[in-house]
A.B. asks: 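Questions regarding the structure given below will be posed in turn.
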Amino acid sequence: MKHRHALLAAGAAGVLVLGGMATATLPAAAAASGCSVTYTVQSQWTSGFTANVAITNLGDAMSSWTLTFDFPNASQRVTQGWNATWTQSGARVSAASMRWNGSLGTGASTSIGFGGAWSGANPVPASFSLNGTVCTGSVSTPTASPTSASPSPTATTTPAPTGPAPKLRVSGNKIVTAGGTPYRLLGVNRSSGEYACVQGKGQWDGGPVDQASVDAMKTWNIHAVRIPLNEECWLGLNGSPSGATYQQGVKNYVNLLVANGVNVILDLHWTWGAHTTSPDWHCKDAAAVCQKPMPDAQYAPQFWTGVANAFKGNDAVVFDLFNEPYPDHSAAWNKTLGWQCLRDGGTCTGIPYEVAGMQDMVDAVRATGATNILMVGGLEWANDMRQWLQYKPNDPLNNIAASWHAYSNNACATVSCWDTQIAPLAQQVPIVLGEFGADCGFDYMRTLVNWADAHGVSYLAWTWNPWGCSSGHVLILDWSGTPEPGIGEGYKAHLLTQNPYS
């Protein structure tokens, strides 16, 4: 995780994700020129709500569309939206298609959503129109009663994971179970395995990795945990603790999580490689004590050979090949050189050590016979994904997901950016939002997870460590899982509404 320059998120403040659900399905009267709309109140509290609107075109194919409806209550209004351009004049609400989702053939569907505000009552709109065609049918009123504005849900819609975590693979643009059921990795990062071993703090910095700590995660409905690792500690290099001891500690923790129904992402976080020409803010130490722009050819493939041999046959474990690449920064923001370095490695502009590219890492893993899903990031600390498909490494198993990071101070940190840069990629490959967060508050994260839910994107927040909110991006107050006010409370409330199989 790194701090970058800040950009303000577009639109109004987000809304809390709490409460129950109400659905109104409005089928068209005739398939010749009609439409079907399902309006779902996903969550509702004292002054706000979130809604999903599923649209099916039952008429002729169209290249663009506009959905319109009227709110029955004068107090109801859209405060922000996703997957469409939302406008409101009086009671009339309009949602116009985006460039990437405007084409709807006969029988084709798409989903859009918004956050809203209300007072007094929050009834479902009576009717909807798509490009002027009225979608008529019966309407039900919301069954969700308002809850307190406090982000502490009264019920869990999805039970905590039971039994072992599912084995996973990539199918098209989805991560699926061995049986082919779509599945999303929803959870948190558990930091310390990347730094504690080189800072004289043991392996997990004093934090528990026992059954009680996993049970605490399960009270949040956490189904996936990303564990950052240190290259030199795994290999026992350069004065780091015994590689065998570190490796066994990782294996024990991974096995415990998987046995409890929690999938694990193992992430190569800190690596060897002197970077003496880097700017003052960056660590110049050759040892694996900080985030480098790219992994090193000397040790990184050896690291992944060892990890792959340790976990091959356990496809509940996912391999995130490198945390946050930024070779484009070292190349004076030349994106072409950056993408070439990311994929191919070798001698890269501005990086004094020989680089292991993502193709080298894929080859190292697959040479062991491991079939685990691999995650590959983009440029600019894994936030720039615009040419990911063009530079995707070759995997003989075609079992690769895109690894994306999106903090509130990243360059791509708005709904409009996600719609234009991330949504088209999500239509081609699975995207795992391996890290995201904001300082203390949940507003930015709420907008992001709502967007990710609408696009089938997996996500894991930073971080499940009780460091105090002033440290940034911290979810818990203690190891028992007491949420930090704001950021932790909001994220816990959201996870408790999520089903990884949806």
A.B. asks: Checking the side chain of Asn230 only, and the main-chain atoms of Gly193 only, is there a donor and an acceptor separated by less than 3.5 Å?
C.D. replies: no
A.B. asks: Going from CG on Leu321 to CG on Leu266, what distance comes out if it is rounded to the nearest 0.5 angstrom?
C.D. replies: 11.0 Å
A.B. asks: Under the 3.5 angstrom rule, does the side chain of Asp205 hit a backbone N or O of Lys201 as a donor-acceptor pair?
C.D. replies: no
A.B. asks: Do you know the tightest heavy-atom contact between Pro327 and Cys341?
C.D. replies: CB-SG, 3.8 Å
A.B. asks: Side chains of Asn398 and Val170: closer than 4.5 Å at any heavy-atom pair?
C.D. replies: no
A.B. asks: With a 6.0 Å cut-off on the ring centroids, do Trp464 and Trp220 count as close?
C.D. replies: yes
A.B. asks: Evaluate the ring planes of Trp234 and Phe311, with Trp represented by its six-membered ring, and classify them as parallel (under 30°), tilted (30 to 60°) or perpendicular (over 60°).
C.D. replies: tilted
A.B. asks: Do Ile55 and Asn57 come within less than 4.5 Å of each other through their side chains, counting heavy atoms only?
C.D. replies: no
A.B. asks: With side chains defined as the heavy atoms from C-beta onward, is the minimum distance between Val365 and Leu374 less than 4.5 Å?
C.D. replies: yes
A.B. asks: Checking side-chain polar atoms at under 3.5 Å, does Arg226 have a donor or acceptor matched by the opposite partner on Asn323?
C.D. replies: yes
A.B. asks: Take atom CG in Asn252; do more than 12 heavy atoms of anything else shown fall under 6.0 Å from it?
C.D. replies: yes
A.B. asks: Output yes when a side-chain donor or acceptor of Asn221 lies under 3.5 Å from a complementary backbone atom of His223, and no otherwise.
C.D. replies: no
A.B. asks: Look up atom CZ in Phe322 and atom CD in Glu231, then write down how far apart they are to the nearest 0.5 Å.
C.D. replies: 8.5 Å
A.B. asks: Nearest 0.5 Å, what's the OG1-CG distance between Thr85 and Asp419?
C.D. replies: 8.0 Å
A.B. asks: Decide yes or no for Asp267 and Met375: does some side-chain heavy atom of the first lie under 4.5 Å from some side-chain heavy atom of the second?
C.D. replies: no
A.B. asks: Hey, could you give me the OG/NE2 distance between Ser192 and His269, rounded to the nearest 0.5 Å?
C.D. replies: 11.0 Å
A.B. asks: Provide the closest heavy-atom pair for Asn189 versus Asn465 in the form atom of the first, atom of the second, distance.
C.D. replies: O-OD1, 4.3 Å
A.B. asks: Do Val209 and Gln203 have side-chain heavy atoms sitting under 4.5 Å apart?
C.D. replies: no
A.B. asks: Can you classify the ring geometry of Trp467 versus Trp462 as parallel (below 30°), tilted (30 to 60°) or perpendicular (above 60°)?
C.D. replies: tilted
A.B. asks: How are the rings of Trp270 and Tyr195 set relative to one another: parallel (under 30°), tilted (30 to 60°) or perpendicular (over 60°)?
C.D. replies: tilted
A.B. asks: What closest approach, in Å, do Ala406 and Leu433 show between heavy atoms, and which atom pair accounts for it?
C.D. replies: N-CD1, 3.6 Å
A.B. asks: What is the ring orientation for His494 with Tyr459, classed by angle as parallel under 30°, tilted 30 to 60°, or perpendicular over 60°?
C.D. replies: tilted
A.B. asks: Evaluate the ring planes of Trp86 and Phe114, with Trp represented by its six-membered ring, and classify them as parallel (under 30°), tilted (30 to 60°) or perpendicular (over 60°).
C.D. replies: tilted
A.B. asks: side-chain hydrogen bond (donor to acceptor under 3.5 Å, both in side chains): which pairs involve residues 164-181, sequence neighbours left out?
C.D. replies: none
A.B. asks: Are any side-chain N or O atoms of Asp296 and backbone N or O atoms of Gly273, one a donor and one an acceptor, separated by less than 3.5 Å?
C.D. replies: no
A.B. asks: Trp404 vs Leu425, test: side chain to side chain contact (heavy atoms under 4.5 Å, CB included). Steps then yes/no.
C.D. replies: CA-CA 11 Å; Trp404 176 44; Leu425 180 61; over 6 Å; no
A.B. asks: Determine, stepwise, if the pair Trp418 / Thr447 fulfils side chain to side chain contact (heavy atoms under 4.5 Å, CB included).
C.D. replies: CA-CA 11 Å; Trp418 307 332; Thr447 301; 4.0 Å; yes
A.B. asks: Any side-chain to backbone donor/acceptor pair from Ser97 onto Trp65? Under 3.5 Å, distance only.
C.D. replies: yes
A.B. asks: Do you know the tightest heavy-atom contact between Met294 and Pro325?
C.D. replies: SD-CB, 3.9 Å
A.B. asks: Would you find a donor on one side and an acceptor on the other, under 3.5 Å apart, between the side chain of Asp384 and the backbone of Gly378?
C.D. replies: no
A.B. asks: Quick one: pull up CD1 in Ile476 and CD in Glu484 and give me the separation to the nearest 0.5 Å.
C.D. replies: 9.0 Å
A.B. asks: Kindly assign one of parallel, tilted or perpendicular to the pair Phe442 and Tyr491, based on the angle between their ring planes and the thresholds 30° and 60°.
C.D. replies: tilted
A.B. asks: Give a yes-or-no answer on whether the side chains of Thr371 and Asp315 include a donor-acceptor pair shorter than 3.5 Å.
C.D. replies: yes
A.B. asks: Please tell me whether Tyr407 and Trp381 form a close aromatic pair, meaning their ring centres lie under 6.0 Å apart.
C.D. replies: no
A.B. asks: List the atom of Thr66, the atom of Asn131, and the distance in Å for their closest heavy-atom pair.
C.D. replies: N-OD1, 2.7 Å
A.B. asks: Using the rule given for side chain to side chain contact (heavy atoms under 4.5 Å, CB included), can you reason through Tyr246 versus Leu229, listing the C-alpha separation, both sets of side-chain angles and the distance that settles it, and then say yes or no?
C.D. replies: CA-CA 10 Å; Tyr246 183 89; Leu229 298 180; 3.5 Å; yes
A.B. asks: List the residues meeting salt bridge (charged side-chain N to carboxylate O under 4.0 Å, His left out) with Lys312, not counting sequence neighbours, and say none if there are none.
C.D. replies: none
A.B. asks: Give every residue pair that meets the ring pair (Phe, Tyr, Trp, His ring centres under 6.0 Å) criterion with at least one member in residues 344-379, sequence neighbours excluded.
C.D. replies: none
A.B. asks: Between Ile175 and Val432, is any pair of side-chain heavy atoms under 4.5 Å apart?
C.D. replies: yes
A.B. asks: So, Asn410 side chain and Cys412 main chain: donor-acceptor pair closer than 3.5 Å or not?
C.D. replies: no
A.B. asks: Between Trp339 and Leu379, is the side chain to side chain contact (heavy atoms under 4.5 Å, CB included) condition met? List the steps.
C.D. replies: CA-CA 7 Å; Trp339 282 110; Leu379 297 183; 3.2 Å; yes
A.B. asks: Are any of the side-chain heavy atoms of Asn263 and Val318 separated by less than 4.5 Å?
C.D. replies: no
A.B. asks: I want to check something: taking the side chain as every heavy atom from C-beta on, are Met217 and Val262 in contact at a cut-off of under 4.5 Å?
C.D. replies: no
A.B. asks: Looking only at non-hydrogen atoms, find the nearest pair between Leu185 and Leu168 and report the distance.
C.D. replies: CD2-CD1, 3.8 Å
A.B. asks: Once you round to the nearest 0.5 Å, how far does OG1 of Thr463 lie from CD of Glu435?
C.D. replies: 8.0 Å
A.B. asks: Any sub-3.5 Å donor-acceptor pair from Arg184's side-chain atoms to Val457's backbone N or O?
C.D. replies: yes
